[in-house]
Amino acid sequence: MEKVTQLIDDFQVGMEGEPLSALFTPALVVDVDKVKRNAQRMIERCEKLGVQLRPHMKTHKTLECADILTGGSRRCIVVSTLAEACFYADHGFDDILYAYCLPFDKVERCAALSERLDLFQVLLDHPDALEQLKKRPLRDGRLWHVWLKLDCNNGRAGVLHSEPEALRLAQDITETAGVELTGVYTHCGNTYNCRGVDQIHTVAQETTSFTLQFMEKLKAVGITCKSSIGSTPSCSHPVKDMALLSEVHPGNYVFYDVQQSLIGSCSLEDVAVRVLTRVIGHSPHRNQLLIDCGWSGISLDGGGKLPTGYAIIEGHPNLKLLSMTQEHGRVESISGPLDYSKYPLGSLLTLIPYHSCATAMMHPVYHVHSEGRLLGKWTPTRGW
């Protein structure tokens, strides 16, 4: 099996300059020009606001994309897994924030990174996590750099901003020997429920206001630290008060996707990723096509709730990706019978994914192109 895999890899090496149609399918393709444009727009937004951009790596998980997002500085990034943190640290990145509530089984690995890098930061939202850090003091007088995860009615992780426990935990962190409260971190993931810029602004303003109010509470008890909020919708359409924050930490914006276009973060033209697939079967008795992309090539995220099913089939508004098994997709006509002469076996279809983070996770390699001509491959890190 390894020899077969190597033969496939060797066949696709040296394809620079070839059209996308030369790829085996299913294949994830990345338009590097759109990636660079999306990255530059976010950099300019943050410069205009006067806040530090700390891009999240969770969507792409590659070195090449990280270099684009950080402008080559290899500094000031966010990761969601310790595997990502180690991957980037091993390749010269620093000032890494592991923005996931501290897993107790990974404290020792976090300590190793904290003792190795100039700045490795962890996140917590519970006193028990602080106790774990107390039990593992860092060597050579180094400090644990800790961000407090705050829930500003966003509905995921974090200690609720309005509860006394939030302020008490911040004070406990500050008063603990060997530990520094570096910042307060909020993810306004509830912007994903928005439709349109006005709704995005409403959620972004609420999250920003609650975060700034909490910062005032800290200031009143003599605590100063950074503040950071993030989500691709809120950072794609920031409100003015976000200029009062220290940092923002969006991630999906590098690729965008159908979901973000529906929220109002971007247009479909901004989406930098596609999944290529081929027609492998005709089923006239069901008025369906069979394609070689199942859920293992695009994910089931979105639940098939789009008018076009699990994805948008680019250039074919009357086609719907109705359902998928692991390796097969069933495509039907939204209205009327299919004209099979338009979709011969072996013909190529292009899927715009509902959620690019989930789709990217399905692929061991991304094929990078400019204007439809292949430039090379990006290999993401995997694991936790």
Side-chain angles (χ1 to χ4, degrees), residues 54-59 61 77-85 96-107 109-110 113-114 120-134 144-174 176 179-194 200 203-204 206-215 217-218 225-235 242 245-253 259 263 301 355 357-358 361 383-384:
R54 183 181 290 274
H56 211 308
M57 303 292 107
K58 73 180 186 68
T59 299
K61 301 176 186 263
I77 62 172
V78 191
V79 299
S80 59
T81 69
L82 205 53
E84 293 167 39
I96 300 172
L97 169 54
Y98 178 28
Y100 193 87
C101 290
L102 183 70
F104 292 2
D105 62 317
K106 297 180 177 69
V107 171
R109 291 170 64 194
C110 288
L113 284 169
S114 295
F120 179 73
Q121 301 145 90
V122 297
L123 190 81
L124 59 80
D125 67 355
H126 197 280
D128 289 355
L130 181 58
E131 288 300 317
Q132 291 291 318
L133 300 185
K134 289 180 183 179
W144 282 105
H145 296 279
V146 174
W147 288 72
L148 174 65
K149 182 63 180 288
L150 201 65
D151 180 359
C152 293
N153 297 342
N154 310 116
R156 201 162 73 176
V159 57
L160 192 61
H161 69 99
S162 56
E163 292 295 320
E165 287 80 0
L167 182 59
R168 189 175 305 122
L169 182 53
Q171 290 175 300
D172 289 345
I173 294 169
T174 303
T176 299
V179 179
E180 173 193 271
L181 179 61
T182 303
V184 173
Y185 185 101
T186 301
H187 173 61
C188 44
N190 48 334
T191 51
Y192 279 56
N193 299 321
C194 295
I200 293 171
V203 175
E206 179 181 73
T207 301
T208 301
S209 296
F210 285 149
T211 301
L212 293 173
Q213 288 167 18
F214 187 75
M215 300 308 292
K217 293 179 184 178
L218 293 181
C225 64
K226 295 180 181 179
S227 56
S228 181
I229 77 163
S231 75
T232 283
S234 63
C235 296
M242 287 170 64
L245 300 165
S246 308
E247 299 184 356
V248 293
H249 51 261
N252 175 275
Y253 72 96
Q259 178 179 219
I263 292 168
D301 217 347
H355 188 185
C357 304
M361 276 296 296
W384 293 270

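This one's a predicted model, so the numbers in the text were calculated from it and none came from an experiment.
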**OP:** Kindly check if the number of other-residue, nucleotide or ligand heavy atoms within 6.0 Å of CZ (Phe214) is above 12?
**Re:**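 Enclosed: over 12 neighbouring heavy atoms sit under 6.0 Å from CZ of Phe214.
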
Separation between [atom1] of [X] and [atom2] of [Y], rounded to the nearest 0.5 Å:
X: Arg54; Y: Ile96; atom1: CZ; atom2: CD1; value: 9.5 Å
X: Trp147; Y: Glu180; atom1: CH2; atom2: CD; value: 10.5 Å
X: Thr208; Y: Gln213; atom1: OG1; atom2: CD; value: 10.5 Å
X: Leu97; Y: Ser228; atom1: CG; atom2: OG; value: 7.5 Å
X: Leu123; Y: Cys110; atom1: CG; atom2: SG; value: 10.5 Å
X: Cys152; Y: His187; atom1: SG; atom2: NE2; value: 12.0 Å

Residues two or more places apart in sequence or in another chain: which of them pass side-chain hydrogen bond (donor to acceptor under 3.5 Å, both in side chains) with [X]?
X: Glu84; value: Lys61, Ser80, Thr81
X: Tyr98; value: none
X: Ser227; value: none
X: Ser234; value: Ser231

**OP:** Provide the full list of side-chain hydrogen bond (donor to acceptor under 3.5 Å, both in side chains) pairs with a residue in residues 158-169, sequence neighbours left out, each pair given once.
**Re:** none

How would you list, by chain and number, every residue that makes a side chain to side chain contact (heavy atoms under 4.5 Å, CB included) with [X], sequence neighbours excluded?
X: Asp151; value: Asn154, Leu160
X: Ser114; value: Phe120, Leu138, Trp144
X: Asp128; value: Phe104, His126

Original post:
Excluding sequence neighbours, so at least two apart, what forms salt bridge (Lys or Arg N to Asp or Glu O under 4.0 Å) with Lys134?
Top reply: Glu131

Subject >> Partner set under salt bridge (Lys or Arg N to Asp or Glu O under 4.0 Å) for Lys106, not counting sequence neighbours >> reply: none

Subject >> Under the ring-ring contact (aromatic ring centres under 6.0 Å, His included) test, residues paired with His249 that sit two or more places apart >> reply: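 By the ring-ring contact (aromatic ring centres under 6.0 Å, His included) rule, His249 matches Tyr185.
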
Minimum heavy-atom distance between [X] and [Y], given as atom pair plus value:
X: Met57; Y: Ile77; value: CE-CG2, 3.8 Å
X: Lys226; Y: Ser246; value: CA-OG, 3.4 Å
X: Arg109; Y: Ala83; value: NH2-N, 4.4 Å
X: Asp125; Y: Leu169; value: C-CD2, 3.6 Å
X: Thr232; Y: Gly251; value: OG1-N, 3.6 Å
X: Asn153; Y: Asn190; value: O-ND2, 3.5 Å

**OP:** Spell out, as yes or no, whether a donor-acceptor pair under 3.5 Å connects the side chain of Thr174 to the backbone of Leu181.
**Re:** no

**OP:** Would you check if the side chain of Thr207 reaches a backbone N or O of Cys188 as a donor-acceptor pair within less than 3.5 Å?
**Re:**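 Judged by distance alone, no pair lies under 3.5 Å.
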
Test item: [X] and [Y] side chains (from C-beta on) under 4.5 Å apart, heavy atoms:
X: Thr176; Y: Leu133; value: no
X: Ile263; Y: Thr191; value: no
X: Leu218; Y: Cys225; value: yes
X: Ile173; Y: Leu124; value: yes

Subject >> Result of checking Asp105, Leu113, Val122 against Leu82 for side chain to side chain contact (heavy atoms under 4.5 Å, CB included) >> reply: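 Single pass found, and it is Leu113.
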
